[in-house]
Amino acid sequence: MSETPDSAVRTYIENHRAAFLDDLVEWLRIPSVSAQPEHATDVRRSADWLAAKLRETGFPVAEVWETPGSPAVFAEWPSEDPDAPTVLVYGHHDVQPAAREDGWNSEPFEPVIRENRLHARGAADDKGQVFFHTLGVRAHLAATGRSTPAVHLKMIVEGEEESGSPHFRALVEEHAERLAADAVVVSDTGMWSEDTPTVCTGMRGLAECEIRLYGPDQDIHSGSFGGAVPNPATEVARLVAALHDEHARVAIPGFYDGIAELTDRERELFAELPFDEERWLRTARSTAAHGEAGHTTLERVWARPTAEVNGIGGGYQGVGSKTIIPSSAMVKLSFRLVAGQDPDHIAKAVTAWAAERVPVGIRHEITFSGATRPCLTPLDHPALRSLVRAMGRAFQQPIRYTREGGSGPAADLQEVLDAPVLFLGISVPSDGWHAPDEKVELDLLLKGVEASAYLWSELATSSHEAH
């Protein structure tokens with residue numbers, strides 16, 4: 001009996017599973033820790049290794065791109081179909097620091113397989129999820145009989161994601177023409193659980209600032225001057241107290257301007273997920289949920305903007321008392337942003353809000369650090385539907401939808417390249433990103449290979465139908 005395209009993909013993957021894992025293990029042995037200068041040569045070795053492996057996979061172009069920091073890898077495999085859509089895959093090859101004494105049960109850069117789980121730093125975040133595309137594209141070719149992918153396939157794999165991607169946006173802007181794509185696939189995310197495969201449709205953005213308040217030119221006696229001059233520590237507390245209203249909404253004027261509100265359908269889809277709030281609270285090491293009224297916990301984390309106090313200080317912090325009015329105080333704030341919010345607008349709104357609330361006699365300074373824009377792909381976008389179909393074929397069950405509460409460089413790709421972002425990730429919460437004994441479930445890793453194999457034909461088909 002002849003094989004179906006899906007069974008041909010699965011057969012190819014099974015036949016090449018051992019060699020695929022051997023290669024991945026070899027890559028995981030390279031301690032490409034971008035945050036530690038002593039590993040700079042290892043990060044470069046990781047980039048060189050990946051570029052060579054992509055050429056071996058079949059990519060006719062695979063280059064190491066320099067940055068002021070760690071190198072990135074770019075690869076390209078044009079389709080023989082000149083009208084095929086162009087798809088760019090994003091991931092990163094650098095990893096978090098790791099040492100045996102951190103609590104690992106094995107050496108973090110000596111990969112081991114235990115109970116069908118591959119343990120190593122980078123197994124899930126993000127080398128495993130980058131690497132599944134190499135076997136995926138070969139399975140795609142084998143099952144379809146093609147000599148080139150059904151899409152013009154590109155990859156950009158950065159080397160500084162775990163250090164905050166300080167040079168990534170500039171790299172994308174510099175090479176925007178070569179990176180141009182009709183869709184971006186980010187494989188640096190996860191799923192809800194092993195039993196509930198999901199597709200992420202967006203990530204929040206991030207803006208951060210530090211506000212410093214200055215009162216007297218030096219600490220002064222609270223008996224001689226207290227109650228008669230403004231106290232910067234008191235005023236910092238007033239600022240923090242004014243951040244939210246009684247419904248836990250951010251009270252900064254203009255903060256919610258332009259935001260994309262959740263649709264009824266999105267709220268229904270979030271509600272379908274098997275969310276256990278008590279278990280979630282245990283993970284959060286907290287005893288009660290809290291947040292903007294009128295929204296569920298998942299909606300608050302994924303689809304609503306926030307203002308959080310990350311640090312606050314001022315005055316005497318030592319043992320006992322020191323009866324002073326301190327000369328200065330400070331607060332660090334972060335704002336998670338959702339689609340429709342502009343970090344520049346938020347910075348102006350926060351600056352105006354702080355200036356209005358600081359009283360006469362208090363001088364203040366506000367400093368913003370680099371921002372990340374939010375990104376969101378609508379549920380009805382044809383490229384997203386293609387991804388959901390590919391995932392559904394791989395997992396052979398309905399695919400549900402999530403968003404990501406954190407922030408990442410995906411928004412830079414969306415903004416600079418003006419392309420929708422799709423999230424294809426197979427990691428699960430138990431994989432322990434950034435933690436000791438990081439792992440990837442091998443069955444899920446191979447499902448990622450399978451979804452990748454299906455995705456290129458799905459995207460090509462939907463693109464041709466659209467035209």
Can you find a pair of side-chain heavy atoms, one from [X] and one from [Y], that are under 4.5 Å apart?
| X | Y | answer |
| --- | --- | --- |
| Phe132 | Ile426 | yes |
| Arg178 | Trp65 | yes |
| Phe423 | Leu387 | no |

If you measure from [atom1] on [X] to [atom2] on [Y], what distance do you get to the nearest 0.5 Å?
| X | Y | atom1 | atom2 | value |
| --- | --- | --- | --- | --- |
| Ile156 | Glu63 | CD1 | CD | 10.0 Å |
| Thr402 | Met191 | OG1 | CE | 10.0 Å |
| Leu24 | Lys53 | CG | NZ | 11.0 Å |

Quick one: side chain to side chain contact (heavy atoms under 4.5 Å, CB included) partners of [X], sequence neighbours excluded?
| X | result |
| --- | --- |
| Arg385 | Asp380, Pro382, Arg389 |
| Ser457 | His140, Thr144, Ala150 |
| Thr306 | Arg204, Glu308, Arg336 |

(Q) I'd like to know whether Glu115 forms a salt bridge (charged side-chain N to carboxylate O under 4.0 Å, His left out) with Lys439, so could you lay out the CA-CA distance, the side-chain angles of the two residues, the decisive distance to 0.1 Å, and finally the verdict. (A) CA-CA 11 Å; Glu115 299 178 345; Lys439 56 85 175 171; over 6 Å; no
**Q.** Inter- and intrachain pairs under salt bridge (Lys or Arg N to Asp or Glu O under 4.0 Å), touching residues 406-425, at least two apart
**A.**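 Applying salt bridge (Lys or Arg N to Asp or Glu O under 4.0 Å) to every pair that reaches into residues 406-425, excluding sequence neighbours, yields Arg169-Asp412, Arg169-Glu415, Arg373-Glu415.
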**Q.** Within residues 149-163 or reaching into it, pairs that qualify as salt bridge (Lys or Arg N to Asp or Glu O under 4.0 Å) - sequence neighbours excluded
**A.**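 Applying salt bridge (Lys or Arg N to Asp or Glu O under 4.0 Å) to every pair that reaches into residues 149-163, excluding sequence neighbours, yields nothing.
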Q: Please determine which of Val130, Val185, Val73, Thr134 meets the side-chain contact (heavy atoms from CB on, under 4.5 Å) test together with Met155.
A: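 Looking at Val130, Val185, Val73, Thr134, the match for Met155 under the side-chain contact (heavy atoms from CB on, under 4.5 Å) is Val130.
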Q | Identified side-chain contact (heavy atoms from CB on, under 4.5 Å) partner of Thr201 from the options His381, Glu404, Arg403 | A |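 With Thr201 as partner, His381, Glu404, Arg403 yield a single side-chain contact (heavy atoms from CB on, under 4.5 Å), made by Arg403.
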Q.
Check this for me: does any side-chain nitrogen of one of Arg10 and Glu450 sit under 4.0 Å from a carboxylate oxygen of the other?
A.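 Yes, this pair counts.
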Q. In terms of side-chain geometry, is the basic nitrogen of Arg267 or Asp264 positioned less than 4.0 Å from the acidic oxygen of its partner?
A.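 No.
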Q: Quick one: do Ser187 and His133 satisfy side chain to side chain donor-acceptor pair (under 3.5 Å)? Show the steps, please.
A: CA-CA 9 Å; Ser187 286; His133 287 290; 2.8 Å; yes
**Q.** Trace of the side chain to side chain donor-acceptor pair (under 3.5 Å) decision for Asp81 with His152
**A.** CA-CA 8 Å; Asp81 178 1; His152 300 303; over 6 Å; no
**Q.** CD/Glu38: more than 12 non-hydrogen atoms of other groups inside 6.0 Å
**A.**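 Above 12, so yes.
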**Q.** Partner residues of Arg55 under the salt bridge (charged side-chain N to carboxylate O under 4.0 Å, His left out) criterion, sequence neighbours left out
**A.**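 Result, salt bridge (charged side-chain N to carboxylate O under 4.0 Å, His left out) vs Arg55: none returned.
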Q) What is the minimum heavy-atom distance between Ala453 and Val9, and which atoms define it? A)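 Result for this residue pair: CB-CG1, 3.8 Å.
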**Q.** Polar side-chain atom of Asp94 near backbone of Ser32 as donor-acceptor pair, under 3.5 Å
**A.**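 It does not hold such a pair.
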